[in-house]
Amino acid sequence: GFFSSLSSLFGLGKKDVNIVVVGLDNSGKTTILNQLKTPETRSQQIVPTVGHVVTNFSTQNLSFHAFDMAGQMKYRSTWESYFHSSQGVIFVLDSSDRLRMELLKDELMMVMEHKDVVSRGIPIVILANKMDIPGAMTASDITVALGLNLYRSGTWSIHSTCALTGDGLDKAMQQLSAEITKYMESRRT
Amino acid sequence: MAKPVNVNQSKWTVPVLLKECEIYCPSTCVAFGPILSDNDSKLIIAHGGHRGVNMKLKVFQQLEQLSESSLADMPTALVHFINDLSSIPSIAVAAGPSLLIYKNLKPFYKFTVPSSAINPTESEAWKAVVNKKINGDTLLTVLKRLEDDVAFSKLTPISQTYLRADKETQVVLVEHYGTKIANSATITCIAKLTKSTAEPLDILVIGTEHCEIFLIDSQAFTILETIKIGSVPVNICAYGTYDVDYRLFVQTRASLIFCMKRGEADYQPIVISQSMITSMVLVNKMIVYTTVENLIHFASFRGKKMNTVKCPSKIKMLEPFIYPLKQLAAVIAVFDKEIRMYNEHYLLDTVQYEKPLAWVKYGCYGREDSTLVVAFKDGSIAIQIFRRKANFDTKLDYNQVPQAHALKLQIPKKTKVFIDLTQREVQLGNRIHKVYQKNLFDVKYRLAASYLELTSSASATVSTTTVLPVEISVDIHGFGPTFRMTIHLLSSSKQNLYDMHLSIISDPELYDFDTPLIPVHLLASGQSYSFTTLLYCKDPEKAANCDVRALLVHAKRATPIVTAVIKMPFSEFPLD
């Protein structure tokens, strides 16, 4: 309404949203979130996450609480319990990891077909990270390899990123913000 | 290609092929483990090559080959072990009588098994041939005699080679190796044993052709223990930790399994198999071994057999499977084109492949803990990962019986009548039995009596023998006093009947027959025969009649084969 647009104009009452960041271990989830933070709050060393870590950052009109989930095998079963309380999912993958592409497909399908994701229609943004590594697969290659081209239901988009430099992250986050805003609008009506 | 059938229900992800690899090696020459500073678990393979050419130690990372280095001798086994907590782990390759240790993919140390005693005659003969006192042929004769006296396997490896080599090779052997004869046994198998949980260093366990097992400290390469057994070890499985308590399960070429415990000197085989043992692994505190009869046996650590699986075809090898997150444990059995997973009670999973398999290896590859590396006969290698959501909920019995046999019998519920009757039977069992026996006897008696009556009176068409079924029917034509009697016979027995007579009997006061005895030479099966005779009523004025009997008899039978009784009509008076 009028007040919300007014408040967003002043940048005061940014809407709070929760997002879940999932993906296999060593795909760069924590590094991406670190990159999204303001330069002065970034940490220098990234260590494998245990359990989950909550990271806060904001874009123009949204204030994100990102649940940075651990990607190691023993923690993967904890991902799904966070879907129902979030308004978006970021799935990070390592574009150079051809060995685990089939496992990745399994895990991504489990996320995309999870009842808390499907029934609520929350947006999923897939980040094909580590695009700077020589021999990494392109976003379109990955789309085919994961069978995403056959997956029409749900709102998903894929972006090539490089977490070390931040390339492609801005575009991906803009898309995510737009999708989440759209999702919140549809929820209100 | 390498795709298994039924991917959707599979517990494993779709296999991914390693790029440009052609690997031919036994399953003992494969190991997983981190060997470089990046802590990423690699696939290490000692590639056997082709007849001593192209023998390589290959290391794979992700889907590509990371490095390869040449091997000087044919590898028999390979193990990845930790010998220094502060630096990276090492690789030990068993080749001939030596262990080649690689660290950071570079040759680091060579350990050779100590030489056993050499037969004095043998060493003297070799000394003599080197000093040109005797020639090569004499050496051959000496060795041949020794082979008969001692045994081929007791000679040194060089003598064994000499005995089986051709002339040219023999000369080369004398020139190159004649001066340095050693009796180091070839290593047959290798295993590792953790020193203690607090200090996760590995102790190497090697078995040799000379029936010895050595426990070697991997830091200084000193022999900690030497164990002599009665048979050649071919496979060792270690359990426990060296400092606290350990057990070594040793499979030997004589199809025995020995168990060696810490601090025990006397080793008796715990498993003695009648047929050859082909593979042995430890799963879940159980010894699992296969025999050539396509059987998988599950035995306890004491050697007590718990269960046996009958397999449809030859089992190539076994591989242990553990998934600690869900506490799943099983054994993977490799067949020609499929793998099956068994635990001690059930068949848990079957994966089929389109190509014949060579071996499989389960462990941590890359960053995934539960990876299965599948090698095919054609040299390609595929990688599968155990799915996170997979479980062993669907279980099948080992030795499946057909469905109809597995059905449970529908036993009806106990009704009041049933219970009453049962009670009665229990209480009056004796009497019921007696009454039954009496009735049975009565029935038999009455049957016999009526049969006797029937045969003695022969008052009806009775066939007395079931072996010769013959039907008889009689027609009487005429009004009297002359009648014509036609007898029809039809045999339905399988074979033809010969040499019988039809005899016609009646009161001789009343009737007179034209031919009272009619010869029946042949009764062909299924054919109808008719015989005719005339009979005269002697005194029609008496107005009397009686029965006439027609009997089919055989000279060698006491009783008639078939009998017909004819009731004669009253005779008319003669016309004249």
Side-chain angles (χ1 to χ4, degrees), chain A residues 22-30 46-51 69-81 83 91-115 129-130 133-137 141-142 144-148 150-151, chain B residues 1-4 6-21 32 34 38-43 59-66 322-328 351 361-374 380-391:
Chain A
V22 293
L24 298 186
D25 45 324
N26 199 32
S27 57
K29 296 172 293 297
T30 311
I46 308 291
V47 290
T49 311
V50 173
M69 308 302 296
Q72 284 167 35
M73 189 172 66
K74 52 190 165 193
Y75 301 113
R76 284 177 208 156
S77 51
T78 61
W79 295 354
E80 55 195 45
S81 45
F83 292 151
F91 193 98
V92 185
L93 59 92
D94 179 352
S95 318
S96 64
D97 190 359
R98 286 165 208 261
L99 173 66
R100 292 198 287 175
M101 215 33 97
E102 286 297 335
L103 183 72
L104 202 65
K105 185 176 172 181
D106 257 34
E107 295 292 350
L108 181 59
M109 282 307 136
M110 269 189 247
V111 172
M112 291 178 81
E113 283 162 13
H114 191 267
K115 61 180 195 319
N129 196 24
K130 304 199 187 180
I133 291 181
M137 293 166 86
D141 283 348
I142 290 167
V144 175
L146 298 182
L148 283 168
L150 306 169
Y151 201 85
Chain B
M1 262 242 314
K3 273 190 184 162
N6 290 340
V7 174
N8 283 336
Q9 291 121 39
S10 176
K11 297 174 177 34
W12 303 90
T13 59
V14 179
V16 183
L17 285 176
L18 284 189
K19 275 183 210 153
E20 296 157 18
C21 81
F32 292 113
D38 61 359
N39 236 347
D40 205 29
S41 181
K42 311 278 193 290
L43 175 64
V59 176
F60 290 88
Q61 180 182 325
Q62 292 276 326
L63 294 177
E64 278 140 30
Q65 186 172 313
L66 184 73
I322 38 164
Y323 192 74
L325 273 188
K326 287 187 180 175
Q327 288 168 352
L328 304 178
V351 187
K361 187 88 188 167
Y362 176 81
C364 175
Y365 181 47
R367 307 178 69 96
E368 282 310 311
D369 282 334
S370 47
T371 310
L372 185 71
V373 174
V374 184
S380 54
I381 288 183
I383 290 170
Q384 290 181 271
I385 299 166
F386 194 73
R387 289 195 159 145
R388 183 159 64 86
K389 290 276 163 101
N391 55 37

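Quick note on labels: first sequence line is chain A, next is B, and so on, each numbered from 1.
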Heavy-atom proximity to chain B below 4.5 Å, by part of Met110(A):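 Contact with chain B: side chain only.
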
Put together the list of donor-acceptor pairs under 3.5 Å connecting chain B with chain A, please.
{"unit_1": "Arg367(B)", "atom_1": "NE", "unit_2": "Asp25(A)", "atom_2": "OD2", "d": "3.1"}
{"unit_1": "Glu368(B)", "atom_1": "OE2", "unit_2": "Arg76(A)", "atom_2": "NH2", "d": "2.7"}
{"unit_1": "Glu368(B)", "atom_1": "OE2", "unit_2": "Arg100(A)", "atom_2": "NH1", "d": "2.6"}
{"unit_1": "Arg387(B)", "atom_1": "NE", "unit_2": "Asp106(A)", "atom_2": "OD1", "d": "3.3"}
{"unit_1": "Arg387(B)", "atom_1": "NE", "unit_2": "Asp106(A)", "atom_2": "OD2", "d": "2.4"}
{"unit_1": "Arg387(B)", "atom_1": "NH2", "unit_2": "Asp106(A)", "atom_2": "OD1", "d": "3.1"}
{"unit_1": "Arg388(B)", "atom_1": "NE", "unit_2": "Glu107(A)", "atom_2": "OE1", "d": "3.3"}
{"unit_1": "Arg388(B)", "atom_1": "NE", "unit_2": "Glu107(A)", "atom_2": "OE2", "d": "3.0"}
{"unit_1": "Arg388(B)", "atom_1": "NH1", "unit_2": "Arg76(A)", "atom_2": "O", "d": "3.3"}
{"unit_1": "Arg388(B)", "atom_1": "NH2", "unit_2": "Glu107(A)", "atom_2": "OE1", "d": "2.7"}
{"unit_1": "Lys389(B)", "atom_1": "NZ", "unit_2": "Glu80(A)", "atom_2": "OE1", "d": "3.3"}

side-chain contact (heavy atoms from CB on, under 4.5 Å) evaluation trace for Leu325(B) with Met73(A): CA-CA 9 Å; Leu325(B) 273 188; Met73(A) 189 172 66; 4.1 Å; yes

Leu66(B) atom CG, neighbour heavy-atom count above 12 within 6.0 Å: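 Yes, because the 6.0 Å sphere around CG of Leu66(B) holds more than 12 heavy atoms from other groups.
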
